[in-house]
Structures are given as structure tokens and as C-alpha cells.
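Residue numbers run from 1 in the order of the sequence given. All ligand and atom numbering here is 1-based and tracks the order in the structure.
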Amino acid sequence: MADAPQSDVERIKNASRRLRGTLAESLADPVTGALAEDDTQLSKFHGIYQQDDRDVRAERQRRRLEPDYSFMIRARVPGGVLSTAQWLNMDDIANRYANRSIRITTRQALQLHGVLKRNLKQSIADINSQMMDTLAACGDVNRNVMSPPLPMRSAVYQAVLADARELSRHLTPATRAYHEIWLDGEKLDVDQANLNQGDISSPGKSAVEAKLNQGDISSPREGEDEAQPPAGVLPRGAEDEAEPIYGNTYLPRKFKTAFAVPPQNDVDVYAQDLGFIAIVEAGELVGYNVTVGGGMGMSHGETGTYPRLADVMGFVEREDVLPVAEAVVTTQRDHGDRTDRKHARLKYTIDDRGLDWFRREVASRSGATIAEPRSFEFTGNGDVYGWQRDEQGNWHYTLFVENGRVADFDGLPLMSGLRALARAHRGHFRLTPNQNLIVSEVADGDKAAVVELLDRYGIANDSQATPLRLHSMACVAFPTCGLAMAESERYLPSLIDRIDEEMAALGLSEEPITVRMTGCPNGCARPYIAEIGLVGKGPGRYNLYLGAGFAGERLNSPYRENIDEREILAALRPLFGSYAEKRRSGERFGDFLVREAIVPEVRRGRDFHTATV
Ligand code: SRM
Ligand code: SF4
């Protein structure tokens, strides 16, 4: 491995002059709807993926036409909290330049699909105009930092969100390439604007946030000198372009971070490269248990690749979050495998070198004390739907958005409904890691108006969906994802109809079971920690994985390979039957399958392909 040549992406990064490459020239080239090949790798660091419509790929090939190129844009939303003005802005861009839909992702971010090359620059500039960016939404860097979306214990959630945003800012690449290429050199410090948003748990707005909601981010805050740029907007050329954390070639691979507040593991912290589990004692956030080395991606038939749950590395004080995170990142930067991208994630670095070695390295780089982990317990990894009231008395409504797709569907004007809500609502929107949306910080006096809008548009559909559907997720897959082997977002809803029928026949309709589907083994909907995981193998065919823990604390296990819908239902039917008959009180489906030795208990990624009952 030491002598193996570095992967081609390393060459591209190294030669890119801090992620510039020839992106500007590629954008200006009118002859093709695509970017130059090397630039398709670099554009990811800017939050942009080149794609082509897979539904028409073969037909265009037959007619000797260029593929139907367009771009996916991913906007970062650290902690998933965005202002209603930011939502309205994304809605506007989606309708002007994209495919008239917004995709809420499994990492609390937003995606637009179908943007043509000629509209890319304007779309990115428009996103930034509301102090949101797309930098580092993809690429070999730290991605959108997740934080629990539902702020029930407001003070703790507020503190955790602040830490998540601070870390997001700390790990944002320093290159000016993004601002040069997309914003004509203007440097907007979006992360700082996020930090400036102040106490977002309160329906009373901070000065900056009120301006964001008015769409007026360029006017100074109260008491600020008119001649000075407002906080969050730095003057041109003010920074040094060194990449002190990432260096010239950034990380060997993507890197993901999340903060969790037990008992809800709604961010799926064990699936992250780096996680912070809040430890709350006597109502105070005292620090975090740090987790390292989680990841989902694998390749069919390559047992050297596997999903892995993160290890709990130890407890750190709150003030050590940034140095510890930076040490984790730089250790991976220096020791991650740059020769083989299938072996380049932190999970393999840790499995190859050992957790003890990794802990020592992080402790010595950070100077922090990494103590024994403190105790905590997770009870679930989904969202809590409907109306919830936090400890400050504010209301939050979690809306079910099936597979994260916001559009105006036949009989379900979801996009229009959310637009109307965004115009009327005085708090925030929050995106959940389970692809849903929370209308957040609704004051008592405003609740009736929100209820009226939800009813008028008929979008409060969580009461009509079964718990199974409410605990389901599907990745995007066809027609946009270049890696899809089978349908996912477009197929799971109808498969759930069938599974619902099976469960209803056995009196299981009220059972929440986590079910997640992806169109390929990369694992974008985190299928290997679902009680029922379905992973695309080929058109209409899936591998079936069973038996993960309901709180995302245990992996599932391969159960059937390469099966179609009829075979999926045939495999599940008898298992539901014995679950209905033999389950213990309160026993979850995944736990039942493990107790009955139908599938093995799998906690270590290395055992994923080989464990037996
Ligand atoms: Fe993902 C690649 C969509 C969350 C693991 N993912 C892709 C790409 C960009 C395909 C590509 O490389 O060409 C997909 C674009 C599809 C499209 O048309 O939009 C894509 N991933 C998504 C999203 C939109 C799925 C969704 O339905 O929400 C999620 C965006 C999250 C975000 O806002 O940043 C998304 N991807 C995930 C997750 C879940 C998570 O992060 O918690 C995972 C598993 C966790 C992990 O990283 O291990 C995930 N995506 C991958 C992988 C496999 C990585 C690996 O280690 O092997 C790839 C492929 C790759 O990187 O080579 C991938
Ligand atoms: Fe595409 Fe595979 Fe991710 Fe689904 S899991 S979005 S098919 S890369």
C-alpha cells in the first residue's frame, strides 16, 4: 500500500491551485453542457455535481447526442436551521433554474437538481445572497455538520447547535476559489452569519436574523457604523489563503460530523466519521463523548469494504471540541489511504491502526484530555412527528416529507404549502437528518395560523401515514444519481404500500419499524442501520438486510441477495408473522430477529459480511 500510486483524484486536487482547476474556463465553454473532466471532481468541493438524466441516457446515446447534462447543487445548512427567507430563496431558485423541487437530504442540507451549466453561477450567487453557501457541501472535506433538529430542552440544544456551527466554521476550507469563481471575488462569511444568528430557540428574533428574514442582509445592524461592512461580510482580500487544517490536497476522502443529544439518536451519530454525544448533568451540557470511524459505504461483492459503526473514543470537555475535532481531521489527513478511494475513509484508518493508536494520536495533537466515556442511552433514531412543546413553551411542528422531496404533487401541494408557511411563519424552519422539516419556534398565539395553513394545503400528513412509512427513508437514485443501480426515491413509497398491507393483515400496523432503501451500496439513506434495509443491485432488484437496532446502535446483516418485489414480500411475510406471534412486550422488530437467531448480532463493520447466527 505504501508504494502504491496515489489515486487520480489526489493528482487533480494537488494541481488544482486550491480547488480552482479550470472551473472558470469550463463554465465559460459554450460548446458543451458539461465541465472538463478534472473539473467535475473539483466542482464537488464547491457543492456541485455534474449529472445527466439517466431516464434518457440510452436513447440519447442511440441518437449520438451528448448526455442530457445538468447539475445538482447542494447547499449547506449547519445544524439544519434556516430562516424562512432562506427557504423562500431556495424555493425561488428551484423554480427558476432547477426542476421545481427541493430535496431535503439525509444530512440536513438542501439539494437542487437539474440546473443547467449556464445557470449555475447565478444560482450559486443567489443562494449566497441569503447567506447560505454550497462550499464544502461535497468533496474531500468536512461536510454539513449535523445537530439534533428538535429543540425540546432548549438551553442544551441551543448550546449544542452553537458548538456544531462553531465547528462547521472551523472546518470550512479557507480557499478563496469559491468566492472568486462564483461570487466574483466577494467573500461572504456564511458560517459567521450563522453564528451571529443568536438565540434561535426564542421566537423573538435577533437583529441579524430579522434582517435575513427581510432579505436585507447588507444593511448594517443597529448601532453599527454605516461605513463598516456588517458582521458576517468580510472585505475583499482580507484573508490569507493558507489551508492550515487541510493542506494542499485536502482529506483523502469525504468526512462527516454530527452532534447528538440522547436519548434521541436522530442524527445517526454512529454512521459519522466524527460524532459528539452531548453529556448533560444536572441540566447542564458538561461535554461530549466523542465517536470516531463510522461510515456506511461499501461495494457489492468487495468484502474489504463494509459499513462500520463509530467507536466511542472517550469523553472531552466542551472547550476541547475544536482542538479534538481538528486533531481527528489532521490525523486522518496524514494517515488516511490516498492510494485507494474505496479504502480511504477514517473507518479503515482506525480498523487498520487500532482505536488506541488513534486516541493517543488525537490526544497528543490536541493536547486535550480524553477521559473514560460517560454514560448515556439512545432510544430511537427517527423523528418525533406532530406538535411538540419545548421547555420554553415554544411549539414545533415536525412535518413528514416523504423521502425528502418537496414539490407540488398531484393532490399534495407541498412546495406551495411550505412557501405559504414560510411567508407567514415568524420562527425558523429546521431540516431533520431523516429528510423531514420542522416548522420551528411557533409562539402560542401563532399556532392557530400555522395549523390553518397546514390544513388549507393538506400537507400535515403524518397522521395518515403508518409508523412504518414515517420511519422510512430512501436516497435519490434515478434519474439523477450517476451511481444508482436501482430505483429508490421513486419506488419506496409503493413498496411501503405493499408492506403496509402485509403488516395490517397481521395486526402490526402500529409498529414503527425502520426501513431504508438505497439505489446502490453507497448507503446514502444509511440503510445498514435500518431494521429493514434494501440496497439496489440492478433494475428492480435489491439485497435485503435485516436486524439493525432501532436506535441505530447495531448494524443489520445480509439476509437475501438480488431479489425483486415479490421475493422481498415473500421474505418478510413469515418474519412479520412470527414477530406478531412471538414478540415480547415492547420488543423491536430488529431485536426480535436477533433474539430469534434469524440474523446474527453485528456490531463490528469487519464482521458485516461474515457473521453467522
Ligand atoms: Fe451520498 C455519493 C446523495 C448522504 C454515502 N451521494 C452520492 C452522490 C453525490 C452520487 C455521486 O457521487 O455521483 C449522490 C447524489 C444523488 C443525487 O442525484 O442527488 C448522493 N448522499 C446523497 C443524499 C442527497 C441522499 C439523500 O437522499 O438525502 C445525501 C446528501 C447528504 C448531504 O446533505 O450532504 C447523501 N451519502 C449520504 C450518507 C448519509 C450520511 O452522510 O449520513 C452516506 C453514508 C454515510 C457515509 O458517508 O459513509 C453517503 N454518497 C455516499 C457514498 C459512499 C461513501 C463511501 O465511503 O463509500 C457515495 C459515493 C462516493 O463517495 O464515492 C455517495
Ligand atoms: Fe446514488 Fe447510491 Fe447514494 Fe442512492 S445510495 S443516492 S443510488 S450514490
- Do the side chains of Tyr69 and Lys117 get nearer than 4.5 Å, heavy atoms only? no
- Task: Mind listing the closest non-hydrogen atom pair of Ser101 and Leu112 along with its distance?
- Result: O-CD2, 3.9 Å
- Query: Nearest to atom 53 (C) of ligand 1, what protein heavy atom do you find, and at what distance?
  - Reply: Asn522 OD1, 3.4 Å
- Message: Regarding Arg76 and Thr172, do their side chains bring together a donor and an acceptor under 3.5 Å, going by distance alone?
- Response: yes
- Item | Which residues share a ring pair (Phe, Tyr, Trp, His ring centres under 6.0 Å) with Phe45, sequence neighbours left out | Tyr250
- For Leu483 and ligand 1, answer yes if some heavy atom of the residue is under 4.0 Å from a ligand atom, otherwise no. yes
- Query: Counting each atom of ligand 1 from 1 as listed, which ones have a heavy atom of Ala109 under 4.0 Å away?
  - Reply: 33 (O)
- Query: Going by atom types only, do His343 and Asp337 share a side-chain donor-acceptor pair under 3.5 Å?
  - Reply: yes
- Protein contact of atom 43 (C) of ligand 1 - nearest heavy atom, named by residue and atom, plus distance: Lys256 NZ, 3.3 Å
- Heavy-atom proximity to atom 40 (C) of ligand 1, picking from Gln111, Gln51, Arg107, points to Arg107
- Message: Distance alone, cut at 3.5 Å: any donor-acceptor contact between the side chains of Asn436 and Thr398?
- Response: no
- Message: Tell me the contacting part of Arg526 for ligand 1: side chain, backbone, both, or neither, using a 4.0 Å heavy-atom threshold, strictly below.
- Response: side chain
- Heavy-atom contacts under 4.0 Å between His113 and ligand 1: side chain, backbone, both, or neither? side chain
- Note on the structure: Tyr542 meets the ring pair (Phe, Tyr, Trp, His ring centres under 6.0 Å) criterion, sequence neighbours left out, with Tyr491
- Between the side chains of Asn14 and Thr249, is a donor N or O closer than 3.5 angstrom to an acceptor N or O? no
- Would you check if atom 1 (Fe) of ligand 1 lies under 2.8 Å from any N, O or S atom of Cys524? yes
- Under 4.0 Å from ligand 1, counting heavy atoms only, is it the side chain of Met473, its backbone, both or neither? neither
- Message: Looking only at the side chains, is there a donor atom on one of Gln111 and Thr105 sitting less than 3.5 Å from an acceptor on the other?
- Response: no
- Task: For ligand 1, indicate whether the residue Ala474 contacts it via side chain, backbone, both or neither (heavy-atom separation under 4.0 Å).
- Result: backbone
- Taking only residues two or more places apart in sequence or in another chain, which ones pass side-chain contact (heavy atoms from CB on, under 4.5 Å) with Lys342? Ser299, Glu302, Thr305, Asp340
- Would you mind running through ligand 1 and noting each atom that sits below 4.0 Å from a heavy atom of Cys475? 27 (O)
- Query: Can you tell me which residue and heavy atom of the protein come closest to atom 44 (C) of ligand 1, and the distance to 0.1 Å?
  - Reply: Gly523 O, 3.2 Å
- Message: Among all the protein's non-hydrogen atoms, which is closest to atom 33 (O) of ligand 1, and how far away is it?
- Response: Thr105 OG1, 2.6 Å
- Task: Take Tyr528 and Tyr306 through the test ring pair (Phe, Tyr, Trp, His ring centres under 6.0 Å) and record every step on the way to the result.
- Result: CA-CA 10 Å; Tyr528 310 110; Tyr306 45 82; over 10 Å; no
- Task: Kindly check if the number of other-residue, nucleotide or ligand heavy atoms within 6.0 Å of CZ (Arg118) is above 12?
- Result: no
- Item | Arg54 atom CZ: more than 12 heavy-atom contacts under 6.0 Å | yes
- Task: Locate the shortest heavy-atom distance separating Leu492 from Ser472; write the atom from each residue and the value.
- Result: CD2-CB, 4.0 Å
- Query: Less than 6.0 Å separating the ring centroids of Phe255 and Tyr246?
  - Reply: no
- Message: Is Gln435 close enough to touch ligand 1? Criterion: a residue heavy atom under 4.0 Å from a ligand atom.
- Response: yes
- Query: Are a donor atom and an acceptor atom from the side chains of Tyr385 and Asp383 found within less than 3.5 Å of each other?
  - Reply: no
- Under 3.5 Å: N/O of Arg345 near N/O of ligand 1: yes
- Quick one: look up the protein heavy atom nearest atom 14 (C) of ligand 1 and list residue, atom name and how far away it is. Cys481 SG, 4.0 Å
- Looking only at protein heavy atoms, identify the closest one to atom 4 (C) of ligand 1 and say how far it is in Å. Thr106 OG1, 3.2 Å
- Query: Any idea which atoms of ligand 1 are less than 4.0 Å away from a heavy-atom of Gly295?
  - Reply: 48 (O)
- Task: With heavy atoms of Gln272 as the reference, note each atom of ligand 1 found under 4.0 Å away.
- Result: 42 (O)
- Residue and atom name of the nearest protein heavy atom (relative to atom 18 (O) of ligand 1), distance in Å to one decimal: Thr480 OG1, 2.6 Å
- Best match, Met296, Arg253, Arg103, Lys254: closest heavy atom to atom 51 (C) of ligand 1: Lys254
- Task: Mark the output for Ala258 as yes if a heavy-atom distance to ligand 1 is under 4.0 Å, and as no if none is.
- Result: no
- Message: So, 4.0 Å and heavy atoms of Gly404: is ligand 1 close enough to count as a contact?
- Response: no
- Tyr49 ring center near Phe71 ring center (under 6.0 Å): no
- Message: Keeping to distances under 2.8 Å, can you name the protein N/O/S atoms close to atom 3 (Fe) of ligand 2?
- Response: Cys524 SG
- Item | ligand 1 contacted by Lys347 (non-hydrogen, < 4.0 Å) | no
- Query: With a 3.5 Å cut-off and no angle check, do the side chains of Thr134 and Tyr178 form a donor-acceptor pair?
  - Reply: yes
- Task: Please write down residue, atom name and distance for the protein heavy atom closest to atom 57 (O) of ligand 1.
- Result: Gly297 CA, 3.5 Å
